[in-house]
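The block underneath contains the structure these notes are about, expressed in structure tokens.
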Number of protein chains: 2
Amino acid sequence: MGIVKERYKMKFAKLSVMRLFQYKDFLIRAKSIGIKNLFSDDLAEAMGTTSTQVRKDFSLFGLSGNKRAGYNIDDLLEQLNELLGKNEKQRVVIVGAGNIGRALMKYSGFYKEGLEIVALFDSDINNYNASANPPVLPLESLYEFICKYKIEIGVIAVPYHAAQQVLDIMILAGIKGVMNFAPIALKSPKDFYINDVNLKLELESVAYFVKALKMEQEEQTNDV
Amino acid sequence: MGIVKERYKMKFAKLSVMRLFQYKDFLIRAKSIGIKNLFSDDLAEAMGTTSTQVRKDFSLFGLSGNKRAGYNIDDLLEQLNELLGKNEKQRVVIVGAGNIGRALMKYSGFYKEGLEIVALFDSDINNYNASANPPVLPLESLYEFICKYKIEIGVIAVPYHAAQQVLDIMILAGIKGVMNFAPIALKSPKDFYINDVNLKLELESVAYFVKALKMEQEEQTNDV
DNA sequence: TGGTTAACGTGAAAATATTCACAAAACCAT
DNA sequence: ATGGTTTTGTGAATATTTTCACGTTAACCA
Ligand SMILES: NC(=O)c1ccc[n+]([C@@H]2O[C@H](COP(=O)([O-])OP(=O)(O)OC[C@H]3O[C@@H](n4cnc5c(N)ncnc54)[C@H](O)[C@@H]3O)[C@@H](O)[C@H]2O)c1
Ligand SMILES: NC(=O)c1ccc[n+]([C@@H]2O[C@H](COP(=O)([O-])OP(=O)(O)OC[C@H]3O[C@@H](n4cnc5c(N)ncnc54)[C@H](O)[C@@H]3O)[C@@H](O)[C@H]2O)c1
């Protein structure tokens with residue numbers, strides 16, 4: 001019964017999962033500057049949330065600390081790594097070696113967390129570079145590559161009109177989840193995970209909320 | 001009373017706002033291929049949501065269509081542009097001319113939506129390029145630039161240890177909201193809007209949920 | 001050593017977000 | 001015109017997430 005409940009939570013508490021990853025990053029940093037223990041208050045302060053939220057997140061996933069002494073960073077990190085699966089290395093392919101694809105490729109932070117970008121794929125012959133590390137390969141070899149190396153994670157960084165076609169190849173070849181930068185709602189089987197990252201939307205929304213804040217202030221000034 | 005309610009909703013229905021921007025993008029595309037009208041079902045299908053969600057979002061913001069005839073794209077786009085503020089041009093500065101900063105700079109899609117990237121700033125002299133368009137300028141000129149051109153929107157694309165210091169300059173100079181790529185919780189006044197975009201987190205979470213899906217399937221196979 | 005108390009852990013309550021269910025309007029066919 | 005059908009618009013219900021409130025417990029202190 002308890003286990004079923006846990007599974008259920010794991011499936012639905014998406015936002016908690018996201019926060020756990022963030023807690024982990026902060027803990028790694030705290031550890032690196034010599035901190036050994038901290039309280040839920042400290043974590044909350046660093047993460048811009050509340051101590052209740054921190055403890056609730058931990059509670060949902062069965063992570064525990066010590067009454068009055070807070071959390072031991074080493075213990076907590078061990079539990080988090082277990083839970084979040086740092087220990088298995090995950091290989092990732094990126095399709096689209098343009099602005100975004102290359103930016104991700106050059107970022108070194110993924111590797112530390114067990115995510116290895118093993119290859120990029122592009123349809124433009126001018127972008128091929130088989131001897132680079134990671135290599136940029138022709139789109140035509142995508143299917144075979146995924147099958148051969150049993151890749152499960154992909155990134156879609158192609159223009160929106162090519163995104164579904166790329167995804168279809170990935171699904172057929174055995175990929176189970178993607179991070180998608182193309183601004184389009186992709187179709188996939190139910191047991192496939194898509195994480196849409198729409199950077200235009202993210203920036204537009206900043207402009208919107210800035211305007212909204214401004215209007216709110218004007219209103220308050222005009223009131224009373 | 002009605003207006004107050006609307007304002008309240010505008011402030012809190014963040015996810016609805018985000019979806020409105022997405023509806024808008026889809027409508028622009030639909031219009032460009034000659035479509036004149038569509039139903040909430042069509043929109044829902046294209047966006048990967050439900051028609052109820054679409055109508056509810058519209059309802060919250062007072063957007064309306066025609067019973068039985070659905071929505072006229074031109075009308076709807078006009079209302080959306082009014083609401084989401086396409087009509088004002090917004091100038092944006094990016095701090096950090098590295099992988100992410102440059103990827104954003106090269107993306108042409110912002111301009112169409114009234115977002116103009118007017119300059120990048122960096123602390124590394126090797127990245128300066130005052131004659132490029134947009135120019136890459138020294139960090140030292142950031143404060144003055146923002147003040148001079150009354151910029152309100154910023155992007156933070158620097159390493160995490162530099163992010164707060166960059167934000168502090170921006171706040172002081174009059175910026176009102178940022179999109180932040182640095183994986184750290186930034187401190188800002190209450191009337192400042194921060195949109196955190198944590199790409200490592202987004203990719204890690206794909207790996208996590210793929211694993212979670214797999215475990216779920218295994219469980220189902222073992223059950224019965 | 002036993003009382004104090006700071007901090008955790010977690011049900012219950014509140015706030016948000018989504019989905020349901022259906023009335024009302026618009027169009028169509030007759 | 002009239003009845004049937006389609007689609008919108010929206011309160012009410014449900015689901016999810018966050019916050020509150022407080023019991024519990026282990027560390028510290030006198
Ligand atoms: N760069 C940004 O800041 C930004 C912002 C918002 C959204 N996006 C979205 O992210 C995606 C990628 O953007 P970008 O700026 O990197 O684009 P880009 O044009 O720089 O790169 C796209 C790459 O995909 C390749 N490509 C095209 N069709 C392909 C196919 N069928 N298979 C394989 N490769 C193919 C192209 O050759 C190109 O190298 C786009 O969907 C874009 O809308 C990007
Ligand atoms: N590239 C990615 O795929 C990726 C993925 C996840 C997170 N991020 C985050 O996004 C941010 C930017 O990443 P990136 O890959 O573009 O990094 P980058 O190292 O390529 O670029 C950072 C740029 O910021 C400049 N800089 C450093 N300190 C500065 C300061 N005080 N003021 C102005 N400029 C300064 C550097 O000179 C450099 O040009 C980082 O915080 C990183 O953690 C990036």
Measure from [atom1] on [X] to [atom2] on [N] and round the result to the nearest Å.
X	N	atom1	atom2	answer
B:Leu43	D:dT8	CG	C1'	13 Å
B:Tyr23	D:dT8	OH	P	12 Å
B:Asp42	D:dT6	CG	P	15 Å
A:Asp57	C:dT10	CG	P	13 Å
B:Leu60	C:dA17	CG	P	10 Å
B:Lys56	C:dC20	NZ	C1'	10 Å
A:Asn72	D:dA27	CG	C1'	15 Å
A:Lys14	C:dT18	NZ	P	12 Å

- Query: In terms of heavy-atom contacts, does CD of A:Glu82 have more than 12 from other residues, nucleotides or ligands at under 6.0 Å?
  - Reply: no
Any side-chain N or O of [X] under 4.0 Å from OP1/OP2 of [N]?
X	N	answer
B:Gln53	C:dA17	no
B:Ser40	D:dT8	yes
B:Ser59	D:dT10	yes
B:Arg19	C:dT18	yes

Salt bridge or not for [X] and [Y], using N-O below 4.0 Å?
X	Y	value
A:Glu113	A:Lys24	yes
B:Lys214	A:Glu152	yes
B:Lys200	A:Asp25	yes

Taking any heavy-atom pair under 4.0 Å as a contact, classify [X]: base, sugar-phosphate, or nothing.
X	value
B:Tyr71	sugar-phosphate
B:Ser16	nothing
A:Ser64	sugar-phosphate

Please list, pair by pair, any protein nitrogen or oxygen found under 3.5 Å from a nitrogen or oxygen in nucleotides 27-30 of chain C.
unit_1 : atom_1 : unit_2  : atom_2 : d
C:dC27 : O2     : B:Arg68 : NH1    : 2.8

Can you tell me which nucleotide in [options] comes closest to the side chain of [X]?
X	options	value
A:Leu15	D:dT18, C:dT19, D:dA21	D:dT18
A:Phe39	C:dA7, C:dA17, C:dG11	C:dA7
B:Arg55	D:dG9, D:dT18, C:dA17	D:dG9

- Taking side chain as C-beta onward, heavy atoms only, is B:Leu201 less than 4.5 Å from B:Pro183? no
- Query: Any chance the side chains of B:Tyr71 and B:Asn37 put a donor and an acceptor closer than 3.5 Å?
  - Reply: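 No donor-acceptor contact under 3.5 Å links the two side chains.
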- Item | Exam field: side chain A:Asp41 to backbone A:Ser51, donor-acceptor pair closer than 3.5 Å | no
- Task: Check the angle between the aromatic planes of A:Tyr208 and B:Phe21 and answer parallel, tilted or perpendicular using the 30° and 60° thresholds.
- Result: perpendicular
